[in-house]
Amino acid sequence: MYSKKVLEHFTRPHNQGVIKNPSGVGMVGNPTCGDMMKIYIKVKKDSKKREVISDIKFETLGCASAIATSSMITDLAKNKTLEEALKITRNDVAEALEGLPPIKMHCSNLAADSLREAIKDYRERKK
Ligand code: FES
């Protein structure tokens, strides 16, 4: 049912945990299954003054797909500019995981949405 990549990220998730004093936090829940995902980002300016996600971590209470997509989105978003990170879609996450079972595609929404929320939170804090 699950690809090798999903199982890899589920059994050994990357970037799991909390960032103390994060630049932004995003939390999204799925009302149907009750699963929840929280993403922490640290944003720094690079030499070209672009805002870059220098660190990212997640905490997820959820199914195997939710854990695997959390792990994968942190890999995809790390060291990206905010604009690049905002372009990551749930399909990008699912593709990087070599596919998700169709009934599990909704789980990848959590990852893309919570990353977006974290970036939004960062931008609001700066105002
Ligand atoms: Fe809830 Fe996967 S079943 S996120």
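First listed ligand is number 1; within each ligand, the first listed atom is number 1.
A distance of 4.5 Å separates NE2 in H106 from SG in C33, rounded to the nearest 0.5 Å. With rounding to the nearest 0.5 Å, the separation of CG in L110 from CG in L61 is 11.0 Å.
Residues E51 and K126 are paired through a salt bridge, judged by an N-O separation under 4.0 Å between the basic side chain and the carboxylate.
Protein nitrogen, oxygen and sulfur atoms, that is N, O or S, within less than 2.8 Å of atom 2 (Fe) of ligand 1 amount to 2.
Listed by chain and number, the hydrophobic cluster partners of M27 are M36, where partners are ILVMFWY side chains within reach of under 4.5 Å, directly or through others.
Between I41 and P22, every side-chain heavy-atom pair lies at or beyond the 4.5 Å cut-off. Between L82 and V52 the shortest side-chain heavy-atom distance does not fall below 4.5 Å.
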